[in-house]
Every structure is written in structure tokens, then in C-alpha cells.
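Just below is one structure, and these are the notes that go with it.
Side-chain atoms are counted along with the backbone in the values below, which use heavy atoms only and exclude waters and symmetry mates. A, B, ... follow the sequence lines: proteins, then strands. Residue 1 opens every chain.
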Amino acid sequence: MRDYILLYVNGREQRISAAQAFQPASDYLRLDLGQCGTKVVCAEGDCGACSVMVGRLATEAGLEPGNELTYVPINSCIQYLYQLDCTHLITVEGLKFDGQLNPVQQSMVDSNGAQCGYCTPGFVVAMCGLANDLQSQQQCQGKTCYPSEKQVKDSLTGNLCRCTGYEAIINAGMAVDLGRYKSFSELYPDKEMVANFKAHAQNELMLKLGGRTAFNPTSLSSACKFLNEQEKVVIVSGGTDVSVNMNKRDLVPANVMSTAALPGLSELKVLDESGRKVLSVGAKVTLRQLENLMKDLVPEFHKILWVYGSPQIRHAGTLAGNIANGSPIADSTPFLFLMEAEIEVTGCGGVRKIPMAEFYKGYKQLSLHKDELITRILLPLPHANELVKLYKISRRQHLDISAFTAAIRISLKGNIIERAFVVFGGVGPVVMRCAAVEAALLGTTHELVTYEAAGKIAKEVITPITDVRGSRDFRLALAENILSKFYFETASNEREFACR
Amino acid sequence: MSIIGKNIPHDSAPGHVSGESVYIDDIAPSRNELLVDYFGSPFAHGRIKSLDLSDALKVPGVAALYTYKDLHHNVFGPITQDEILLVEDVAEFIGQPIVVIAAESRAAIKAAKAAIKLDMEELKPVLTVAGAIAAGQYLDKTYKIERGNVAAAFASADHIIEGRFVIAGADHFYLESQACLVYPGEYNQLTIHSSTQNPSEVQHVVAHLLGLQLNEVVCLIKRMGGGFGGKECQATHPAVMAALVALKTKRPARIVYTKDDDMKYTGKRHPYQNDYKVAFDSEGVITALEASLYADGGAYNDLSTAVLGRSLTHIDNAYYLPNLLAVGKICKTNFPPNTAFRGFGGPQGAITIENIMEEIAVYLGQDAYEVRRKNCYGVSDRNVTHYGQLLVNNTLPQIFDELSQSCNYAERVTAVKKFNAESKTHLKGLSFTGLKFGISFTNKFLNQANALVNIYLDGTIQVSTGATEMGQGVNTNIKMLVADEFAIAPEHVIVMTTSTEKNNNTSATAASSATDLNGSAAVNACLKIKERLNVVASNYFAGREIGIGAYSDSIVYEGGFVFDERRPHVKLTFPELVNLAYRERVSLGERGHYITPSIGFDWSVGQGSPFLYFTNGASCSEVLIDRFTGELKVERVDILMDIGKSINPGLNRGQITGAFIQGMGWLTTEDLRYAASGALLSYSPTTYKIPNIYDTPPVFNVDTIDNDCTVNVKGSKAVGEPPLLLAFSVFFAVKNALSYVSGKEIATLVTPASGEEILSRLTEYKLKAAGLPFTPWPAEAGSVLQRAMSRAKGYSLIQDSVSAATLAEGDTIKIPVTVNGNGAGNGEEPLNGTNGSALKASEDEQELATEAAI
């Protein structure tokens with residue numbers, strides 16, 4: 001057992017004992033280290049001002065730890081220190097090249113990308129993350145090469161600015177000469193860090209402070225044992241929701257168990273199970289990794305993952321975490337219901353699979369035994385001839401939580417609906433398949449009147465509430481309309497209008 | 001080669017991008033520093049029955065608890081002194097401070113809050129404009145501007161539209177929340193670092209409430225992480241609380257609001273409910289306007305009087321209103337006092353007439369741009385505002401004509417019509433709106449500034465002014481102005497931390513005028529120094545060059561050198577001249593003072609020339625709406641502005657794009673949702689959605705016209721607030737899109753045009769087309785505070801042969817109204833103008849009051 005966290009900050013080693021461990025990284029940076037460049041605004045991962053780069057031993061999809069660090073941007077306000085054992089944080093203070101502004105920083109200065117400056121460190125960090133990713137690509141090496149507008153925007157959806165209207169920031173990003181950008185591994189040679197991390201990673205981390213324990217097991221058996229023996233264990237994966245509850249809603253778990261050091265949960269691969277492609281998603285696969293894979297594999301799911309939180313959230317959060325969090329407005333789960341995914345859970349007694357439809361017993365109530373944790377998700381992928389559409393309605397397109405979600409999957413024989421799956425989120429305590437609507441669709445013709453009639457049934461059978469994200473009536477109207485929208489998007493003779 | 005007009009970066013930019021810029025909460029804590037927070041009212045309206053602090057005082061780490069009894073005064077306010085800082089008896093809004101807590105740690109503060117025993121009787125709150133009208137609760141008198149003969153104009157009108165336009169508030173969402181750090185000094189002196197736009201006000205309020213002399217309090221502000229008006233007055237509250245702790249405990253005291261608390265408990269942009277009645281001819285030219293503006297002031301006046309004043313002076317926006325009666329009232333409600341927010345009431349006035357323009361166009365079946373162009377202020381006639389100010393060098397017609405051409409307005413209208421006729425899934429809308437924004441504080445005495453310029457022996461300069469830097473670049477502008485006066489490199493000028501110690505009795509950095517006022521004061525200081533340096537220089541050159549007498553008027557500063565223009569080959573460097581002057585015992589420091597000339601306004605008659613000049617512009621926006629979900633995309637925006645000659649065009653462009661997007665957020669995604677109790681539900685960025693990077697329009701054309709504003713410093717015009725109003729075009733593009741599906745009705749909607757609001761309108765028009773009734777959302781009385789709805793109805797006096805005089809009493813427009821969140825059901829409320837006579841505020845109120853009381 002190890003009783004301190006090993007962390008590097010801008011290349012300097014820090015050993016953090018339990019006394020300091022139960023706080024978000026942003027507080028540690030600002031209050032303990034006095035590095036105040038990292039700003040805290042919302043303290044819930046919704047503004048990006050606290051963005052830092054985190055370097056971990058590479059765990060590319062399906063691979064075990066490699067010999068170098070890979071860096072991703074995260075929100076340091078919702079990453080507690082025990083989640084960051086054996087990582088390297090690069091903050092805004094650690095980005096200069098030899099004491100000079102780096103090309104991203106200089107571009108932000110030259111393009112007037114900073115006004116009041118409070119969001120700026122977060123933007124600069126996220127933009128440096130983009131530059132770090134892109135500079136390694138073949139076409140940029142040693143040449144003049146700039147990020148595209150889409151790349152810049154995609155990398156900055158997790159950062160809010162109130163002053164600039166973003167135009168200047170987009171321009172700044174697009175003017176960064178990637179050929180002149182040095183990678184983080186060049187700025188911070190990682191040989192020593194990698195060796196140190198590997199040496200430490202063997203040793204399970206256990207931190208105790210007052211009545212609180214944080215535990216990072218290094219094997220599933222150890223994890224299950226801890227779950228079995230301790231009471232009220234909160235399992236933390238990306239922590240993007242749990243940490244918000246700790247920051248904002250007085251959640252003070254007696255026991256926190258991080259999945260960070262668990263081996264074998266990073267696999268992401270497509271299996272072929274009797275003709276159907278099934279995606280196997282390890283519990284530690286981040287939403288970002290999934291997003292990258294879905295781009296070509298299931299573009300419709302990619303569309304949802306693309307607007308899921310922000311890059312900072314997706315780099316930390318996992319599909320397993322989104323499932324375990326059990327929110328009725330989770331972005332990923334409607335698709336899992338739609339495809340009849342299975343959740344593989346592991347406990348002291350072994351492994352079992354739970355169908356998605358049986359996983360939730362009620363609002364945030366899971367069909368998990370005390371000693372079990374999610375280890376894998378088996379996600380069947382749609383056949384090419386199935387009509388599948390996913391919908392997320394939120395106040396803002398990016399970095400917003402759904403007011404309403406829907407997922408619809410139809411198989412046609414000729415023009416007759418042979419199979420129908422209709423899933424709604426945000427209309428009740430759990431994400432739900434809507435049997436009445438499915439029944440109404442089955443055996444009918446794929447035409448507008450069918451879906452209009454189904455929409456009316458949808459409106460009758462759901463019981464949404466009015467809350468801050470939308471009124472009951474809004475959600476009722478959405479449930480009714482979304483079926484017609486689906487029709488226009490899938491009927492070949494109507495698609496030209498839908499694409500506008 | 002002047003630096004003016006060049007794009008030099010913001011003077012803080014290198015620090016911003018490297019995380020080195022220091023904000024209040026970045027200042028390292030001192031050893032014995034206390035953290036300060038407060039315990040506030042749980043009710044929007046409630047009376048304290050008992051307050052027991054004994055347990056809270058025993059919490060380990062709690063250093064002190066204070067109540068109103070510990071203050072010297074407890075009442076303050078920038079205009080009318082009506083605000084209570086710490087609740088004595090009755091709390092007027094949720095979170096109104098009751099107990100100030102000083103502790104060693106955040107944990108101790110939290111424990112103290114839990115240990116405070118408060119027994120409070122909940123009183124009925126007033127949470128809507130209609131409720132305030134019903135209760136007759138106003139924060140100030142009725143304000144009025146009147147011109148021409150409104151009654152006669154309505155009597156002879158061709159057409160009339162009556163309506164109500166409901167405008168929501170908005171949170172400033174400055175990234176840096178309210179923050180203050182106070183160091184106690186010797187005797188009772190205090191040094192206050194406050195994130196404020198108005199250090200003099202912090203100084204005044206702290207001194208007043210703590211019973212100190214003004215000269216005992218120094219307030220400093222290096223920079224803010226955004227202000228947008230939210231730190232013009234409301235930085236004072238945390239400052240007083242921290243100062244109270246520092247004064248009493250003799251320990252440094254820091255208060256930093258969390259974002260959640262800041263959003264919940266500080267004032268916002270004023271929501272408005274504006275009733276109007278407009279007369280116009282068949283060409284769409286307005287002949288008369290009656291308007292009643294009801295601002296939701298919140299619990300105390302704060303700046304509401306001035307905000308309302310600007311709404312009334314901006315009810316015309318870019319349009320000539322020959323006959324007008326505009327009255328305004330400030331409703332008292334149980335919300336935190338609403339306050340300044342970029343535009344300062346101007347937007348809430350101006351958007352009303354833009355709404356009317358859109359409705360006239362729909363009613364007459366004309367193009368909305370054409371209607372606006374016909375009503376646009378003229379250059380040589382129709383160029384006097386409703387309060388009597390002549391528009392000098394009016395650039396509005398030029399801007400309208402140029403932008404409508406450059407954005408291909410006419411062709412795009414045709415394309416939108418075609419699209420809407422064809423698409424079964426989406427709707428498009430296009431709108432062109434104007435902008436005329438008056439520059440100067442409407443309160444005359446505020447239009448002054450002083451600046452301190454100190455030159456050091458190496459030729460470098462420090463400048464101090466009352467302007468505060470919140471990202472807008474005022475310090476960079478001032479640096480450029482000073483560098484330009486001496487023709488030295490801008491790197492040799494530093495604009496120092498704003499401090500009441502260096503600049504006394506300053507005005508807020510507000511009204512877009514910080515550069516105008518403080519820059520001019522700095523230039524005046526430079527000119528006074530130059531007068532003295534010129535004498536030194538002319539004596540020097542006269543001694544060097546035979547045949548020229550000392551003549552200070554021929555001294556020239558250029559490219560870092562000083563010379564006599566008659567002998568330009570003999571030069572001094574600027575540091576050489578400074579040294580020469582020093583040895584001649586000439587003062588190298590100076591204070592400049594500036595007053596804005598030729599302005600004045602008299603509210604007793606609602607007439608005057610309150611503005612030095614106007615910043616003008618126009619914008620055109622195209623939007624795409626999903627017919628099934630109400631989702632909105634802003635596809636293209638074109639902007640053209642007259643901002644005079646820019647001191648720094650790059651910074652100005654940032655002001656234009658930033659203000660536009662901020663305005664767009666207010667009018668689209670930013671939705672302040674309240675519980676029926678008055679508690680704000682959307683109090684963090686998780687639920688309150690300001691625009692994101694993908695919300696910036698994919699096509700965003702921003703341009704300016706060439707113009708020289710001869711009355712202002714270097715021919716420049718203020719640009720901080722005005723472009724926010726350009727975002728109107730986004731909102732009215734939505735209204736335009738809805739007009740394609742609203743049948744015979746004039747499409748109406750409230751702000752913000754959120755997806756939900758748009759879908760509710762689409763649903764209403766769809767149901768009505770099918771002959772079905774529509775109940776406003778949310779239909780059931782629930783946990784969410786319901787809002788009033790916008791409505792409009794037009795009628796012709798020609799076609800119906802109904803003269804104004806014979807419009808029967810009771811022949812009213814029925815408008816559903818909601819009162820106190822108790823449901824939209826029973827309220828059918830008559831709108832103003834039940835007959836053709838001019839609107840009287842008092843009558844109107846009584847009507848509303850009667851109805852609302854039902």
C-alpha cells in the first residue's frame with residue numbers, strides 16, 4: 001500500500017499525502033502551490049477556465065500502458081487529486097517555450113483573443129492541447145501548417161468566453177503555425193516520469209483522512225473485495241458528475257474507489273457475434289475514445305458524442321460512468337437501450353451480463369450487487385439497412401445537458417415497419433423504451449401519417465415534469481414531433497428537405 | 001507616424017495568455033487573513049422573528065459574526081438611498097445578507113452557516129411586473145418624454161397596432177465573480193482591492209456604511225475578469241462586508257463569491273414589460289407612438305432610475321417618431337436589485353420599436369427593411385429626437401443603404417420565401433435592424449474625468465486615470481493616446497492600477513465612455529506638460545540654432561524625437577528633453593481634467609441634448625429553425641457600424657463581436673428560470689447557457705464606415721455597449737420566420753427566443769391553424785414561475801371606417817396574463833389604449849391593477 005499520490009506539475013515532482021488529497025486539482029494548484037493562472041469559475045466543469053493538460057501513461061484503445069505520456073485537456077475543478085495519481089499536469093504557467101510565449105500564446109496575443117483574461121488560461125491550455133495533437137501529424141512536421149476552423153472549434157467547445165464573441169479566438173487558433181509548435185514531450189521529457197509512474201503504479205494507493213478513504217486498486221479482485229467489505233463506496237471513473245456533487249451538493253463519500261489503476265478495462269474493439277457486429281467497450285474507455293471510433297463506425301452515435309459535454313469532459317468521462325450515473329437525461333444511454341446493449345459487471349463471484357433494459361430499477365437505482373462494478377459494455381451495432389436516428393434537445397448545442405432525448409430504430413420490409421425501437425429520455429425517472437409507440441408503429445407503413453399517429457400516442461403515455469431545462473409541455477411536444485422528424489430524415493423522398 | 005489607429009495588442013494580453021495576470025483572488029493570502037461570506041434570507045420576502053448566533057459563534061475557526069447593528073449606516077444607493085445592506089427586519093429578496101461571517105477557513109464558514117438559527121416569517125413576495133402594478137409597488141416616480149400631438153395623430157391614423165412586448169433579464173456572467181480583499185491600515189484607514197467598475201463608489205459606500213471619512217478609504221482595481229455593468233454598483237456589497245471585517249478585526253479580509261451565489265444573489269439586466277400602441281400610414285410610416293415601459297427593478301432602486309431613463313431616450317432607436325408619449329415606471333419586486341448591464345436600459349427601449357417595425361411590416365404585408373428605411377432618421381430633416389436633440393452628421397441612412405446592399409438583403413428575402421414555401425422540416429427568417437446609441441452619462445455631472453501623468457527621467461511614463469480595465473482595452477487606448485502626445489513608443493507608457501488615491505471622485509467605467517472621458521483627461525494632462533516642455537525645448541533649440549528665436553509653438557514631437565519644425569535636423573530624444581526639463585526644475589507630472597461639453601437634459605420636461613454624439617450601426621441576421629424541435633441556428637450575420645476613427649481597430653472589433661454575441665445570448669439561449677418562490681433555478685453555467693464557440697455565426701461579416709467624430713478624442717466613437725443592440729436582428733429573424741406560419745396573426749414571442757419558446761409559438765400556430773386552442777406553456781401551475789406573454793393586434797381605421805373617437809370602451813385586446821405564478825388561466829387583461837386617446841400611465845396602471853387583482 002502507498003499512502004501518497006505521485007503527481008508531477010509542470011515537470012516537478014510532488015508527493016501529496018492524505019491531508020491534501022481530498023480536494024480538486026484546481027484548489028491544490030491555486031491554494032497549495034500558489035499557481036493561480038488556473039482559474040476556477042463554475043467549479044462544475046461547465047466553463048473550462050480551470051483547464052489543464054494531464055499526461056498519463058499511454059492507454060490507447062485496447063492497449064496496456066506504454067512507455068510515453070499522452071496528454072489530454074481536463075477540467076481540474078472536477079478532478080480530485082486521488083484520480084490523478086501517477087500523472088503529469090501541465091498548467092498555463094508551464095506552457096512557454098524557453099521563457100517566451102509559445103506560438104499558441106503569441107497567436108492569442110496577436111489576434112486579440114484575450115480581453116478580460118479570466119477564461120484565457122483555459123482557452124490557451126485547450127488550444128495547446130490541440131496544437132500538441134496536430135503537430136505530431138505527418139503533414140505538419142517541419143512545414144507551415146495551421147489548424148482548421150473545425151478543429152479549433154471542436155477543441156474549444158468546453159471553454160466559455162463572455163468577452164470576445166469567440167471570433168478572435170477562432171482566428172487565433174487558425175493562425176497557430178503548427179510547424180513551430182513543440183510537443184509536450186519535447187517540453188517535458190518524460191523518461192523519468194514514466195519510470196517513476198511505472199514503479200509507483202505497482203503499489204495500490206490508499207489514503208485515509210478522518211473517516212474518509214480513497215482507494216485506487218490495481219486489480220479487479222482487490223476492487224471487488226473493497227466494495228464487498230466497505231460501506232457506501234462511491235466508484236469514481238472520470239468523476240465528471242460525482243465531483244460536481246462533491247463540489248456543489250455536499251456529497252462527502254466515506255469511501256471513494258477510483259478505477260484509475262485498474263488494468264484490462266481499456267479495451268475498445270469490434271467483435272463479430274454470429275453476423276452482428278458488437279462493440280466491446282471497456283469500463284475505462286473514455287467517451288473521447290469512443291467518439292473517435294464512432295466517427296466512421298456509427299456516425300449517428302458520433303453526432304451525439306460530438307456534442308456530449310466538452311472535450312475536457314469526454315477525455316475524462318467514460319461510457320461506463322455515464323451508465324452507472326443513471327441519469328434519465330444521460331446522452332449515451334438512449335442508444336444503448338435502442339441497440340439492446342448488455343452491461344458486463346464483475347463481482348467477487350465472477351462476471352455476469354445485465355441487459356440494458358434491466359439495468360435500472362428506478363431513478364438512479366442500478367441492478368448492481370454491492371461487490372460489483374461495471375467492467376465492459378457490449379454494444380451491438382446497427383445493421384446497414386436499419387434506420388437509426390438519435391436526438392438530443394438542449395438549450396445550447398454544445399456543452400449542455402439534454403432537456404429531452406430520443407432514439408428511434410426501424411427495420412423496414414418494403415415500406416412496412418417490421419421492427420421498431422423507440423426510446424425516450426428526459427420524460428420520466430429513467431430512460432425508457434416506449435412500448436406503446438413501438439406497437440403503434442409495427443406493421444404499419446413508413447409514411448408521415450404513421451409517425452404523426454405514433455407521436456400522439458407518445459404524448460399520451462409519457463409523463464414528463466416541468467423543470468429548469470424545460471416545461472412538461474415542451475417535452476410532450478418534442479416527443480410528439482420527434483417521430484415526424486424521424487420520418488422526414490429517413491424517408492428517401494423527403495430527405496432533401498431534412499438536410500437543409 | 002501616429003500610433004493612433006494602429007492595432008497594438010491589449011496591454012495585458014501577454015500576462016493573460018501565460019496565466020500571470022493577477023485578479024483579486026490570485027493575490028497571495030496574508031498570514032492572518034480572514035475569509036468572509038454571508039448568510040442571507042431564505043425567502044424572497046420575509047420578516048425576521050428571531051436570530052440566534054450563539055451556536056455559530058462557537059464554531060471552531062469562526063472569528064466574528066456581524067449584523068446590521070455593527071454598521072454605522074445600513075442604507076445606501078447610488079441614486080435614491082433606499083437599499084438596506086444587512087436585513088434589519090424585513091428581507092426583500094432571496095439571499096439578501098443578514099449575517100456577515102468571518103472565519104479562518106471555508107469549512108468554518110460552512111459550519112457557521114449551518115449553526116445560525118434564523119426564525120423568519122415568510123411574507124407574500126411580488127415576483128412579476130403585473131404583480132407589482134397590482135400592488136402599486138414602484139421604486140421611483142413615473143418618467144415621461146412627450147412630443148407632438150399624440151391624440152390627434154391617433155385620431156387621424158390609418159392603422160394602429162397595439163401590443164405588449166415582454167423582455168427577460170440576463171445574468172452578466174462575468175467569469176470573475178464579485179471579489180474583494182481589504183487590508184486594514186493604521187488608525188481606521190482601509191486599503192480595498194475590489195473587482196469594481198467604480199472604485200469611487202466602493203470608497204463612498206464603504207466609508208458611509210462604516211462611518212469613515214472618504215480620505216481614510218483607498219480603493220484599487222488592477223483589472224476585472226469581466227464586468228459588463230454588473231460591477232458598477234454591486235461590487236459595493238461584498239466590499240462593505242469585507243471592509244467591516246477588516247475594520248473590526250484589524251485583519252486582512254477576503255470575500256469571493258462563488259459563481260452560484262453570484263448568479264443567485266446579484267442583480268441582473270432589467271426585465272421589461274412594454275405596452276405600446278402605434279399609429280402609421282399605409283406606407284408604414286409611423287405617425288405616433290404611445291409606450292408604457294415597466295422595468296422590473298428588483299427590491300431596491302440601485303441604478304434603475306437611470307436605466308429607465310435610457311430606455312425612454314432610446315425608445316426611438318434609429319427611427320423618427322413625430323408624435324410620441326413614452327412613460328416609464330420601475331416596478332418593485334422581490335428579486336435582487338437589477339442593475340447596469342451593457343446597454344443600460346437602451347436595449348430594452350430600442351428593441352421595442354424594432355418589434356413594432358417588424359409588426360407594421362407583417363400587418364401591411366410590406367418588407368420589414370423597407371418599413372424601417374422609411375422611418376429611419378433623416379440627414380437634413382426628420383433628424384430631431386423625441387427629446388429634442390438634433391442628430392448632427394447622421395450616418396444612419398448611409399449605413400442602412402450600404403449594409404442592405406452589401407448583405408444582398410433583397411435577394412435573400414426572396415430565397416427565404418422560397419425556402420419556407422418548400423421545406424417541410426425547417427423555417428428560415430431574415431431581419432435587418434438599426435442602431436443609434438447615445439454616448440454620455442445621462443446624469444450630467446458624471447461626465448467628467450481626471451488623469452495623472454508622471455514622466456520619469458528615462459522618458460518613460462506612468463498614467464493613472466479613473467478608468468477601470470475589464471478587458472475592453474481602455475488602458476491600451478489611454479496608453480496609445482499618451483504615447484501619441486509625446487510621439488514615443490507605447491511600450492514606454494504604462495497605465496497604472498486604478499486607485500482612488502491617485503484619481504479622486506471618479507465616475508464609473510460605464511456608459512461606453514471610459515476612453516472618451518479618461519483618455520481625454522489624460523490627453524489634457526499631456527498637453528499641460530507639453531506646454532512646459534515646449535518652452536524648455538524652444539529655449540534649447542534657440543540656443544543651438546542661430547536665427548530662430550525661442551518659439552514654443554513650433555516644437556514638434558515625432559518618432560521619439562523633439563525638434564523645432566523650422567530646423568528639423570536638430571533633434572532631442574524625448575528622454576533628453578525630459579532630463580533637460582528636470583534640470584531646469586520644470587514639473588514632469590500633471591493632472592488633466594476633462595468635462596464633456598455641450599450636454600444637458602431636464603427630466604421635468606423630458607427634453608434636452610444629453611448625448612455628445614451617437615454611435616450608429618445596423619445588422620442583418622439569417623436564422624434557421626427546426627419546425628419539430630424549435631432548435632435555432634444563426635447562419636449568417638452582417639454588421640456595419642459608424643464608430644468614428646478607431647484608436648485601436650483590433651480592440652474595437654473585439655468589442656463589436658463580443659457585444660453582439662452577448663446580446664444574442666440574452667435574446668436566444670440565456671434563460672433565467674425562477675421557481676415559484678422566486679429562487680433562481682438557472683444559477684450556473686450548467687443551466688444558464690451563454691453562447692458557446694459554435695454559436696458564433698459561421699458567416700460573420702463585420703465592417704465599419706469611414707467617419708470622423710470631430711467632437712470626441714481623436715475622432716473616435718465609443719463602442720462598448722452599442723453593438724449589443726445589433727443582436728436584435730437575430731431575435732427578429734426568428735419573429736420573421738414565425739410570421740410565415742402564424743396565419744393572420746402577428747407572430748409574437750418573448751425574449752429569449754429559446755428552443756422552447758420557439759416551439760411553443762410553432763405549436764400555437766399549428767393548433768390554431770387546425771382550429772384548436774392553445775394553452776401557454778407550462779400549462780399547469782407548477783414549480784416554475786410563469787411569465788407574461790407578448791401579444792399584438794393590428795386594425796385599420798380606414799377599412800373599418802371606425803374613427804378613433806368611436807372605438808368603444810371595452811373594445812380591447814385580450815391578453816392572457818399571469819400573476820404571481822398562479823397560472824395563466826383566468827387572466828384576460830385589457831391592454832392599454834381602450835380608446836383612441838393618449839395613454840395615461842395612471843389609467844393604464846389602474847386597469848392592469850384591477851385585472852391583476854382578480
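- Only the side chain of Glu670(B) comes within contact range of chain A, with at least one heavy atom under 4.5 Å from a heavy atom of that chain.
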Inset, instruction - Using the side chain to side chain contact (heavy atoms under 4.5 Å, CB included) rule, take Asp626(B) and Lys485(A) through it: C-alpha gap first, then chi angles, then the decisive distance, then the call. - result: CA-CA 9 Å; Asp626(B) 186 311; Lys485(A) 183 174 168 66; 2.4 Å; yes
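- Of all heavy-atom pairs spanning Phe628(B) and Ser484(A), the tightest one is CE2-CB, 3.7 Å.
- We find the OG-CE distance between Ser18(B) and Met108(A) to be 11.5 Å, quoted to the nearest 0.5 Å.
- Heavy atoms closer than 4.5 Å to chain A are found in the side chain of Asp695(B), but not in its backbone.
- The contact between Asp400(A) and chain B is made by backbone and side chain atoms together, counting heavy-atom distances below 4.5 Å.
- In this structure, the portions of Asp154(A) lying under 4.5 Å from any heavy atom of chain B include both its backbone and its side chain.
- For chain A, no part of Asp262(B) is nearby; none of its heavy atoms comes within less than 4.5 Å.
- In this structure, CD1 in Ile693(B) is found 4.5 Å from CG in Leu156(A), a value given to the nearest 0.5 Å.
- Side chains of Thr466(A) and Gln786(B) form no contact here, defined as non-hydrogen atoms less than 4.5 Å apart.
- For Phe660(B), no part sits under 4.5 Å from any heavy atom of chain A, backbone or side chain.
- The contact between Thr669(B) and chain A is made by backbone and side chain atoms together, counting heavy-atom distances below 4.5 Å.
- Checking side-chain atoms of His16(B) against main-chain N and O of Gln115(A) turns up a donor-acceptor pair under 3.5 Å.
- A donor-acceptor contact shorter than 3.5 Å is absent between the side chain of Glu93(A) and the backbone of Glu20(B).
- Between Pro9(B) and Asn112(A) the shortest heavy-atom distance is CA-OD1, 4.1 Å.
- Interface check for chain A: of the options Leu681(B), Thr258(B), Ile661(B), Thr629(B), the most heavy-atom pairs under 4.5 Å are formed by Thr629(B).
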Inset, instruction - Would you check, one step at a time, whether the test side chain to side chain contact (heavy atoms under 4.5 Å, CB included) holds for Val40(A) with Lys259(B)? - result: CA-CA 9 Å; Val40(A) 176; Lys259(B) 183 47 68 191; over 6 Å; no
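- Lys153(A) touches chain B through backbone and side chain together, each having a heavy atom under 4.5 Å away.
- Of all heavy-atom pairs spanning Asp671(B) and Arg395(A), the tightest one is OD2-NH1, 2.9 Å.
- Heavy-atom distances place the side chain of Leu31(A), and not its backbone, under 4.5 Å from chain B.
- Side chain to side chain, Glu44(A) and Ser684(B) meet the donor-acceptor criterion of an N or O pair below 3.5 Å.
- Counting heavy atoms of neighbouring residues, nucleotides and ligands inside a 6.0 Å radius, atom NZ of Lys248(A) exceeds 12 of them.
- To the nearest 0.5 Å, atoms SG (Cys36(A)) and CD1 (Ile27(B)) are separated by 10.0 Å.
- Of the listed residues (Arg653(B), Met470(B), Lys633(B)), the greatest number of heavy-atom pairs within a distance under 4.5 Å of chain A belongs to Arg653(B).
- The closest donor-acceptor contact from the side chain of Lys689(B) to the backbone of Leu399(A) lies under 3.5 Å.
- In this structure, Trp777(B) and Phe474(A) have tilted ring planes: the angle between them lies in the 30° to 60° band.
- Heavy atoms of Ile656(B) lying under 4.5 Å from chain A are absent altogether.
- By the 6.0 Å contact criterion, NZ on Lys96(A) is enclosed, its count of non-hydrogen atoms from other residues, nucleotides or ligands being greater than 12.
- Considering only heavy-atom pairs separated by less than 4.5 Å from chain A, the leading option among Pro697(B), Pro685(B), Gly225(B), Gly755(B) is Pro685(B).
- Rounding to the nearest 0.5 angstrom, the gap separating the OG atom in Ser423(B) from the CZ atom in Phe488(A) is 8.5 Å.
- Residue-level contacts of residues 162-172 of chain A with chain B, in order of numbering, are Arg162(A), Cys163(A), Thr164(A), Gly165(A), Tyr166(A), Glu167(A), Ile170(A); threshold 4.5 Å between heavy atoms.
- The structure places CG of Asn481(A) at 9.0 Å from CG of Leu762(B), a figure rounded to the nearest 0.5 Å.
- Considering every non-hydrogen atom in both Cys116(A) and Met224(B), the closest pair reads CB-O, 3.6 Å.
- Residue with the most contacts toward chain A among Thr687(B), Leu632(B), Leu651(B): Thr687(B) (heavy-atom pairs, distance under 4.5 Å).
- Contacts of Leu160(A) with chain B are made by both backbone and side-chain atoms, with heavy-atom separations under 4.5 Å.
- Neither the backbone nor the side chain of Lys428(B) comes within contact range of chain A; no heavy atom of the residue lies under 4.5 Å from a heavy atom of that chain.
- For the options Thr157(A), Val124(A), Leu478(A), Ile393(A), heavy-atom pairs under 4.5 Å to chain B are most numerous at Thr157(A).
- Top candidate by heavy-atom pairs under 4.5 Å with chain A, chosen from Ala659(B), Ser21(B), Gly227(B), Pro691(B), is Pro691(B).
- Residue contact with chain B, scored on non-hydrogen atoms closer than 4.5 Å, involves the side chain of Arg30(A) exclusively.
- Side chains of Glu631(B) and Gln397(A): a donor-acceptor N/O pair is absent below 3.5 angstrom, by distance only.
- Using a 4.5 Å cut-off between heavy atoms, Phe228(B) touches chain A through its side chain atoms alone.
- Using a 4.5 Å cut-off between heavy atoms, Asn7(B) does not touch chain A at all.
- Taking SG from Cys42(A) and OH from Tyr683(B), the interatomic distance works out to 12.5 Å, rounded to the nearest 0.5 Å.
- Chain A forms the most heavy-atom pairs under 4.5 Å with one residue out of Thr696(B), Thr657(B), Asp25(B), Asn692(B), and that residue is Asn692(B).
- Proximity to chain B (any heavy atom under 4.5 Å) is shown, for Val92(A), by both the backbone and the side chain.
- Heavy atoms of Glu756(B) lying under 4.5 Å from chain A belong to its backbone as well as its side chain.
- With a 4.5 Å cut-off on non-hydrogen atoms, Ser682(B) touches chain A through its backbone and its side chain both.
- Defined by atom type and a distance below 3.5 Å, a donor-acceptor pair is present between the side-chain atoms of Asp46(A) and Thr686(B).
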Inset, instruction - Give the C-alpha distance, both sets of side-chain angles, the deciding distance and a yes or no for side chain to side chain contact (heavy atoms under 4.5 Å, CB included) between Lys39(A) and Asp26(B). - result: CA-CA 9 Å; Lys39(A) 306 297 182 219; Asp26(B) 300 337; 2.5 Å; yes
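- A donor-acceptor contact shorter than 3.5 Å links the side chain of Gln105(A) to the backbone of Val17(B).
- Across Ser471(A), Ala477(A), Gly37(A), the residue that shares the most heavy-atom pairs under 4.5 angstrom with chain B is Ser471(A).
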Inset, instruction - Could you go through the salt bridge (Lys or Arg N to Asp or Glu O under 4.0 Å) check for Arg673(B) and Asp467(A) one step at a time? - result: CA-CA 9 Å; Arg673(B) 293 245 168 176; Asp467(A) 69 9; over 6 Å; no
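- For Leu759(B), the part lying near chain A is the side chain, with the backbone staying farther off; criterion is any non-hydrogen pair under 4.5 Å.
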